[in-house]
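Values in this document were obtained by computation on a predicted structure and should not be read as measured data. Here is the naming used below: chain letters follow the sequence lines, and residue numbers restart at 1 for every chain. Atoms considered below: every heavy atom in the structure, side chains included; atoms not considered: hydrogens, waters and symmetry mates.
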Amino acid sequence: MRTILHSDANSFYASCEIARRPEIKNKPVSVGGSEEMRHGIILASNTEAKSYGVKTAMPLWQARKLCPNLTILPPDFKHYISVSRKLREMYDGLSPVVENFGLDECWIDLSSRDTTLKTGKEAALYLRERAKKELGITLSVGVSYNKVFAKLASDYKKPDATTLISEDNYKSIVWPLPASYMIFIGNKTRQKLNKYGIRTIGDVAKTPPECLKNWFGKLGYMHHANANGLDRSPVMKTGHEADVKSIGNSTTTPRDMRDLEDVRCVFTILAQSVSTRVREAYLKGKCVSISVRDTNLNISGAQKTLPRYTALCRDIIDSAMELFISKGFEKHLPLRSIGVKISSLVPYDAPEQLSMFSPVDTKIEALESAVFNIRKRYGIHAVQLGNILLKDDFLSINPKEEHTVHTLPFFNG
DNA sequence: TCTGGGGTCCTAGGACCC
DNA sequence: TCTGGGGTCCTAGGACCC
C-alpha cells in the first residue's frame, strides 16, 4: 500500500505577496499582471472582496469596477520561484520521491519510509506548520494511496487543511463529488458525461469501462480506473521530471496586428525568446508550429517539419513566416494574438544525418551563438533585430521574462 | 476592456514505404 | 499489375493541466 501526499499552496501568488507586504493583508488583493496583459486575477482576501461581488479568475477590469480599492500588484515570478524552491526543499527533506506540478503543487511519495496513511497525516501537519511559520503561506494537503485521490483530497478542504482518503472511506468521500472534481475531467468531458446522466465520480466509477472507452477513447479507461481508486501511476522521482517536449511563446499584442510587417515583427520577438530558451535548455528542434487568433478570438494553427534540427532564431522566424503565408493566414488579418513554438526536441549535440540540400550555415550559427552569449550577460533587450526597432508599439513585449512560468523552475540554475 | 500564457497527450486522416 | 495489411511519419484539431 502506498502513502502519497499532494500538497497545494493556497492562493500561491497572492500569499507570496502578502507574506512580504503585511500592510496589504486585510485588503482584497489581486496579483497576476498588468492590465495590458489581461491576466486573470487571484484573490488573497476573499471575504472582503466577496462582499463586492468579486470572484477569483475574474478579469482585472471587472474586479476593479466592482471593488475600487482593490490592490493590484504586478507579478514577480522570480520571487514566486524562490518561494516555490523553499517549499520543494521542505518536501525533499521528507522523501527522495517528489514530483512538482507547476509552482504551487507537489506529490510526495512516502511509501519508501514504511509509512501508513496515519503517519502520512502527521507528515502533512508537519509540512503545514513549517510552511506557515517559515514562509507565511498555508497548504492544503491530501493524503491517500494513489496520486489521483491525493490530489482530490488536497482540493477537498482548503485553505490550511489536511484530508485523508483511504480505501475504507473513498466511497463516502469521493463518490458523491461532481465528476469534474477529478483530474482530467474538464469542461468538455463533464458536459458529455452529463448528457449521459453521469454526474458524480461514483457514477463514473459504476459506468462500464467499455462505455467510457467508446465515448472518450483510451482516456475512458483511465477515468474509470481513477474513479475506482485504481490509479497506479508513479510519483516521478526528484530530478526525473519528464523531458521537455516543446518550447514556445505567444502573445496578445498591445494593438491588433494589421499587416504582414506587423506579423513578422511579432514573430521575430517571439522567435528570439524561443530560440534563446531552446539554447538555454541545450536543445534543438525539428518541428515549428504557429498559432493565430483573430479579432473574433477564433484560433487556428499550422505546423511544419524542417529538413534538419535547429536552434536558430533565423530558422524559426523564416519557418513561421513561410507557414503563415503558405497556409493563407493573411486572410485572418487583423490579428489579436500569435504564437510560435518548436517541438521534436533532441539534445543540442545529438548526432544527425546532414543533408546536402540543407547544409548547416556556420556563419549564422556563429553569429547567433555570439548573440546568445551577449544576451545571457546583458539581457534579451541587449541585442535586437532591426525590424523590431521600427515598430515601437511592439517594443514593450518581452515574452521570455513575462511569459515563461513553468520552465524548469527547479533545475534552471 | 469581455479568459492571459505555457505546456502535454490523444485522435483521425493522409502520404508513403515495404 | 492489382490488392491488402502493417508500420511510420506528418498534420490539424481538440481536450486537459497549471
- Could you give the CG-to-P distance, from Asn298(A) to dA12(C), as a whole number of Å? 17 Å

- Note on the structure: Ranking Asp104(A) and Ile299(A) by the position along DNA chain C of their nearest nucleotide, the one closer to 5' is Ile299(A)

- Query: Which value, in whole Å, describes the distance between the C1' atoms of nucleotides dC2(B) and dC18(C)?
  - Reply: 23 Å

- Message: Using the side-chain heavy atoms of Ser337(A), tell me which of these nucleotides is nearest: dT8(B), dG5(B), dT11(C).
- Response: dG5(B)

- Query: Should Lys218(A) be listed as having a side-chain N or O under 4.0 Å from OP1 or OP2 of dA12(B)?
  - Reply: no

- When rounded to whole Å, the CD1 to P distance for the pair Ile185(A) and dA15(C) reads 14 Å

- Note on the structure: Here the distance between atom P of dC17(C) and atom CD of Glu99(A), to the nearest Å, is 16 Å

- Item | Spacing between Leu87(A) atom CG and dC18(C) atom P, to the nearest angstrom | 17 Å

- Would you say a side-chain N or O of Ser250(A) is under 4.0 Å from OP1 or OP2 of dG4(B)? no

- Query: Is there a donor in the side chain of Asp8(A) and an acceptor in the side chain of Ser140(A), or the other way round, less than 3.5 Å apart?
  - Reply: no

- Partner nucleotide, any strand, of dG7(C) [Watson-Crick/G-U, under 3.5 Å]: dC16(B)

- Query: Taking CG from Leu270(A) and C1' from dG5(B), how many angstroms apart are they, rounded to a whole number?
  - Reply: 11 Å

- Item | Distance in angstrom units between Trp215(A) CH2 and dA15(C) C1', rounded | 18 Å

- Send over the distance from Met182(A) CE to dC16(C) P, rounded to a whole Å. 12 Å

